[in-house]
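Data block below; observations after.
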Amino acid sequence: MSAARGTSAADPGTLLQVAVTLPVDGTFTYRDPRPGARLPLGTEVIVPFGSRQVTGFVVGHPETVAGPVRDITDVVGDGPAIEESILALCRWAAGYYLAPLGEVLRSALPRGERAVASRRMRLTEAGRRLVELEADGRSHMAGITLDAQDRALLARLRAARSLSPTALARASGGATARMAHLVERGLVEIVDRVAGPSKSRRKAGPAASTSAVEPPVLNPHQQAAFEALRAALGKGYSGHLLHGVTGSGKTEVYLRLIADARAQGRGALVLVPEIALTPQLAARFRARFGDDVAVLHSALPPADRLAAWRRLRSGEVGIAVGARSAVFAPVHALAVVVVDEEHDGSFKQEDGVRYHGRDLAVMRAHQAKAVVVLGSATPSLESFRNVQLGRFHRLHLPTRANPAAAARPLPRVEIIDLRRHQLGPDQLLAPGLAQAVADALAAGEQTILFLNRRGFSTLMHCRACGAVLRCSSCDVSMTLHRGRAKLVCHYCGRAEAIPARCPACKQDALEGLGTGTERVESVVRALFPAARVARLDRDTTDGHRDQLEKLLARVHEREIDILVGTQMVTKGHDFGGVTLVGVLQPDQGMHLPDFRAAERTFQLLEQVAGRAGRGDRPGRIVVQTYCPEHPAIRFLRDHDYEGFVRDELARRESASYPPFSRMIALRLDGRHEASVRATATDAAARARAQAGNSILVLGPAEAPIGRLRGRSRYQIWLAGTDRAKLLAVARAAAEVTLPRDLRLAIDVDPQSVL
Ligand code: ADP
Ligand code: ZN
């Protein structure tokens, strides 16, 4: 505790540059009043800010300061919360993403590591007794005198059981000297709420032995890729794109490279899109490296996450595997950074600090002089372009790894043109696909049916008056969920009872339109009554990690014949028994008003296609579409990723879209449409005044979802090739005066147009 107050000219104390965890620009100077103290960079502190107490991080030691400075209130923890390499990464991110450094630093810490959550003040036994005596008016019996403020503080603590230092500093009006005094008198104590890992971790933990599994002999393609990476290890930064068809054994290459790094006593960081969806992958790391792996997933209780974080930091554990936020994991002596499925959209953080986990991972490797490997069967156009520009080396795995599957080419994709082939009476499956499912069932093989929309019907309308049931706080239609018997807004989560009559005309004429996975499941059950059918989407798994793992295990064990699902079925699953993949309606996704729509559709379809024929039997892929000539379908036929990319890059180049330009989206929202529009207009005018000829300013325009959670939304898009200029224009636009209720977010390298 730093307890001194005020400033004195004789002892200037130590000046500290502090980045506060508030959405404010810049850093602020404070003073550490303890003589001779010098808090290391990255130390978390509590400081007064205006009338509040906020957390912040020490990011510099200025020599002098103009004007008076305030003292820090408290120091959190025994050492820096953020080590210097992570601080450097955060500084870069703050500059690149135009985000306040303190906010970036906060997102770099696991929840439990933050002061607010980790440290608590509470009454000691003596303190509790004293408060009781006080209540009886007998406090004089304890021989301790308390003034009114002390009494109020103790009562507050008793009521709350425990309080964070910040909350307490607020309660005491920042009078930490008073708090320190209560601690000294033994009435209040500080406890570390996250003292040790919970039992669940031990239960989930693997046996301590490593290398229980004998690694397979690499095939020649894997061997060549591995040799190239191994040669780069320890030779400074280098970037590699591991482009391998689905099931080509990319993971095996990562494992070997990491084993080499570990043999040299150096660490590795592995980013995966959604770790909960691929427990198998984490299990493979565990099987190979045992306790040397920290698996960081969002379902981990804060205490376990914190414990994992500390083991990484101490170097006790050398490998971190996790989703996007693991890019900040404090891996020791980092030598290898892997981003698996690097094209995946989930690496982009869509609120708060809007960073891209993949891009930050590359920067982290750069700063650490490490080898970075981006792996994918369908690399992003950005990464492919970086290969063309010589920034990444491309390593290619053209065949499947499993020897039985390697002997066969990838299965050709059969396209059913729905303009010529009618759907069956269920309006869902064309006869060709229904027959394929029946054949797979007869052969005892498994099927995946992919449709990227959940729910039963995607909207409800009235046959009598044409009204569509819309969310009352968003500009979207409600989705019918028959199982839950609810209408649900997929954007804000609002759920409502299904009305018996049309709310507009009061007639009994409501019906569902458009198909979601729930209806697919019910149609499939009716068509194939003997089949064991399951559904994988957010509705069947949300919040139930166990359920998800159980479902995936049942598919592995071939207890499921037909798995129906959303994009969740496309992710890296390695189901040996799946031979048929049916894609129901890719059309909606590929026609979205988004310049990345074709790329996303191609990636999604190629990924789901990759689930077929991974085992001993050949696979079959059937796509039903109204638009077979669309590039995402045309090139899918022969899994011609390169053909698709060349075609798509040409289109992007002629339109000056990324990766041939950079973009920044300014997103404004507020309760009142007129005020949002006016502010957006003002911001766009400021952008244009700054833009000159080199930066294109688009908008302001209402966002495709014009209202979300009761807030109107406008966007301004900036595009250009001069990054510094682009940032300057964004900064100029963001200087617009914001009315009280308005929010403005800067989204650098935006991935979503919504
Ligand atoms: P990817 O990461 O490219 O999708 P995986 O690494 O998951 O591919 O490999 C696909 C399957 O092939 C896995 O079941 C894996 O165990 C197996 N496999 C990988 N490499 C080999 C190899 N050299 N020999 C035999 N099987 C392999
Ligand atoms: Zn809504």
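Computed from a predicted structure; not experimentally measured. When a ligand or atom number is given, it counts from 1 through the structure's own listing order.
Put simply, the side chain of Glu252 never gets that close to the backbone of Gln222: no donor and acceptor are under 3.5 Å apart. For the pair Ser712 (side chain) and Arg707 (backbone), a donor-acceptor distance under 3.5 Å is absent. Looking at His243, its side chain never comes within 3.5 Å of a backbone N or O of Pro398 through a donor-acceptor pair. Distance alone, capped at 3.5 Å, is enough to place a donor-acceptor pair between the Gln715 side chain and the Val753 backbone.
Applying the 4.0 Å criterion to heavy atoms of Asn219 picks out, from ligand 1, the atoms 23 (N). Residue Arg614 has at least one heavy-atom neighbour below 4.0 Å for each of these atoms of ligand 1: 4 (O). Counting atoms of ligand 1 from 1 in the listed order, those under 4.0 Å from a heavy atom of Glu252 are 6 (O), 20 (N). Listed by number with element, the atoms of ligand 1 under 4.0 angstrom from any heavy atom of Asp574 are 11 (C), 13 (C), 14 (O). Distances below 4.0 Å separate heavy atoms of Val217 from the following atoms of ligand 1: 22 (C), 23 (N), 24 (N).
The side chain to side chain contact (heavy atoms under 4.5 Å, CB included) with Tyr254 is formed by just one residue from the set Val336, Val321, Leu242; it is Leu242.
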Audit row: Asp638, Arg412, salt bridge (Lys or Arg N to Asp or Glu O under 4.0 Å) steps and yes/no:
CA-CA 6 Å; Asp638 298 307; Arg412 205 179 136 85; 2.8 Å; yes

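Separating the CZ atom in Phe347 from the CG atom in Leu374 is a distance of 9.0 Å, to the nearest 0.5 Å. Remark: Leu604 CG to Thr378 OG1 distance equals 9.0 Å, nearest 0.5 Å. Annotation: the span from Thr246 atom OG1 to Leu410 atom CG amounts to 5.5 Å, rounded to 0.5 Å.
For Phe456 and His481, the ring centers sit 6.0 Å or farther from each other. Aromatic pair Phe392/Phe384: centroids not less than 6.0 angstrom apart.
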What donor-acceptor contacts under 3.5 angstrom involve side-chain atoms of residues 465-473, with partners at least two apart or in another chain?
from	atom 1	to	atom 2	distance (Å)
Ser472	OG	Arg494	NE	3.3
Ser472	OG	Arg494	NH2	3.4
Ser473	OG	Arg494	NH2	3.3

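If you look at the Zn ion (ligand 2), the protein N, O or S atoms less than 2.8 Å from it are Cys471 SG, Cys474 SG, Cys489 SG, Cys492 SG.
For atom 4 (O) of ligand 1, the nearest non-hydrogen atom of the protein is Gly247 N, 3.2 Å. Of all protein heavy atoms, the one closest to atom 20 (N) of ligand 1 is Gln222 NE2, 3.0 Å. For atom 2 (O) of ligand 1, the nearest non-hydrogen atom of the protein is Thr251 OG1, 2.7 Å. In terms of protein heavy-atom proximity, atom 8 (O) of ligand 1 is nearest to Gly249 N, 3.0 Å.
Between the choices Arg284, Gln607, Glu341, Arg256, the shortest heavy-atom distance to atom 16 (O) of ligand 1 belongs to Arg284. The residue from Ala401, Ser248, Pro403, Gly615 that puts a heavy atom closest to atom 21 (C) of ligand 1 is Ala401.
Residue-level proximity to ligand 1 for Asp340 is absent, since no heavy atom of it falls below 4.0 angstrom. With a heavy-atom cut-off of 4.0 Å, Pro216 touches ligand 1 through its side chain alone.
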